Amino acid sequence: SNYGVMVAMFFTVSVINNYALNFNIAMPLHMIFRSGSLIANMILGIVILKKRYSMSKYLSIVLVSVGIFICTVMSAQQVNVEKGASEEEGVYAFLHWLLGIAMLTFALLMSARMGIFQETLYKRHGKHSKEALFYNHCLPLPGFLLLSGDIYRHAVLFNQTSPVEIPVIGQSMPVMWFYLLMNVITQYPFIFSRPHK
């Protein structure tokens, strides 16, 4: 039941982070915004776990927050609307972007809450990080059937990209599938070799 809660959190965070990109969120902002996990972890650590931190950590969080705020404000000014669009469409595009920011904020806080939940599980049942990693990534897989239409559309788009020849074996494949394959291959040793907290 505990893993069920954690998997639900993980699935929600993953889906919301990906769907936020459909709301006028630029990829650089998406990456920078997600670096705010330190802020979310500290805030929830203070509220839920009653932790206290050193002044240097508070100062670091303030500086990171200012950086994320500046990036967000600059991104807001660049929300793109088609040429000749009316003022009403501009307002709609901005509100659409605000919804994307709200989604990223929610996902950030949910991710931090998931970390705290996992920490309390480790304290109660012992640290079984590889077991947790397996459940977190295996159990949500059936949930992606709900997004099968979207996954299929992207697979079609991947198939339409220009072919690239794969070194060593001499076969070619669409470049986006090659990028995905390289991403999976390079993630695998990283995930299973790093120490888990």
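Keep in mind the model is a prediction, meaning the values are calculated, not measured.
Distance check, rounded to the nearest 0.5 Å: OG of Ser111 to CG of Leu108 gives 7.0 Å. Within the model, atoms OG of Ser60 and CE of Met55 stand 11.5 Å from one another, a figure rounded to the nearest 0.5 Å. Considering OG1 of Thr72 and CD1 of Ile101, their distance stands at 5.0 Å, rounded to 0.5 Å. Taken from CD1 in Ile68 to CD1 in Ile32, the straight-line distance is 8.0 Å, to the nearest 0.5 Å.
By the 4.5 Å heavy-atom criterion applied to side chains, Phe10 and Val15 are not counted as neighbours. Taking 4.5 Å as the limit, some side-chain heavy atom of Ile46 sits within range of a side-chain heavy atom of Tyr53. Residues Tyr152 and Leu147 have side chains not in contact (no heavy-atom distance under 4.5 Å, counting atoms from C-beta outward). Side-chain contact between Ile116 and Asn41 is absent, with no heavy-atom pair separated by less than 4.5 Å. Considering only heavy atoms from C-beta on, Phe11 stays 4.5 Å or farther from Asn136 through its side chain. With a 4.5 Å cut-off on side-chain heavy atoms, Phe144 and Asp150 do not count as touching. Inter-residue side-chain proximity for Asn2 and Val5 is flagged as unmet; no heavy-atom pair is nearer than 4.5 Å.
Listed here is the closest heavy atom pair of Gln118 and Ala132: NE2-CB, 4.1 Å. Residues Lys50 and Val47 come closest through the heavy atom pair NZ-O, 3.2 Å. Smallest separation of non-hydrogen atoms from Met114 and Met6: SD-O, 3.8 Å. For the residue pair Met9 and Met110, the shortest heavy atom distance occurs at CG-SD, 3.8 Å.
Remark: side-chain polar atoms of His30 are not paired, donor with acceptor, to backbone N or O of Asn18 under 3.5 angstrom. Remark: the backbone N or O of Phe94 is not paired with any side-chain donor or acceptor of Asn24 at under 3.5 angstrom. Side-chain N or O atoms of His125 include none that pairs as donor or acceptor with a backbone N or O of Leu121 at under 3.5 Å. Judged by distance alone, the side chain of Thr186 and the main-chain N or O of Asn183 form a donor-acceptor pair under 3.5 Å.
Remark: Ile16 engages Thr12, Met103, Phe106, Ala107 in a side chain to side chain contact (heavy atoms under 4.5 Å, CB included) (not counting sequence neighbours). Under the ring-ring contact (aromatic ring centres under 6.0 Å, His included) criterion, His96 pairs with Phe23, Tyr92, not counting sequence neighbours.
Taken together through direct or relayed side-chain contacts under 4.5 Å among Ile, Leu, Val, Met, Phe, Trp and Tyr, Phe178 and Ile169 form part of one hydrophobic cluster. Note: the hydrophobic cluster containing Leu99 does not contain Leu104 (ILVMFWY, side chain heavy atoms under 4.5 Å, direct or indirect links). No single ILVMFWY cluster, assembled from side-chain heavy atoms under 4.5 Å apart, contains both Tyr19 and Leu98. In the hydrophobic clustering of ILVMFWY residues, with side-chain heavy atoms under 4.5 Å counting as a link, Val64 and Ile43 come out together.
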Practice task
Verify side chain to side chain contact (heavy atoms under 4.5 Å, CB included) between Leu181 and Val184, making sure each step is shown before the conclusion.
Solution key: CA-CA 5 Å; Leu181 178 65; Val184 170; 5.5 Å; no
Practice task
Could you walk me through whether Tyr58 and Leu63 pass the side chain to side chain contact (heavy atoms under 4.5 Å, CB included) test, one step at a time?
Solution key: CA-CA 9 Å; Tyr58 287 119; Leu63 293 174; over 6 Å; no
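By the 6.0 Å contact criterion, CZ on Phe134 is open, its count of non-hydrogen atoms from other residues, nucleotides or ligands being 12 or less. Heavy-atom neighbours of Tyr179 OH from other residues, nucleotides or ligands within 6.0 Å: at or below the threshold of 12.
In the model, Tyr135 has no side-chain atom that pairs as donor or acceptor with a side-chain atom of Glu131 under 3.5 Å.
Remark: Glu119 does not engage Arg113 in a salt bridge, criterion side-chain N to carboxylate O under 4.0 Å.
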Side-chain donor-acceptor distances from residues 155-163 under 3.5 Å, at least two apart:
from: Asn159; atom 1: OD1; to: Trp177; atom 2: NE1; distance (Å): 2.7
from: Asn159; atom 1: ND2; to: Ala155; atom 2: O; distance (Å): 3.4
from: Thr161; atom 1: OG1; to: Phe158; atom 2: O; distance (Å): 2.7
from: Thr161; atom 1: OG1; to: Val175; atom 2: N; distance (Å): 3.4
from: Thr161; atom 1: OG1; to: Met176; atom 2: N; distance (Å): 3.4

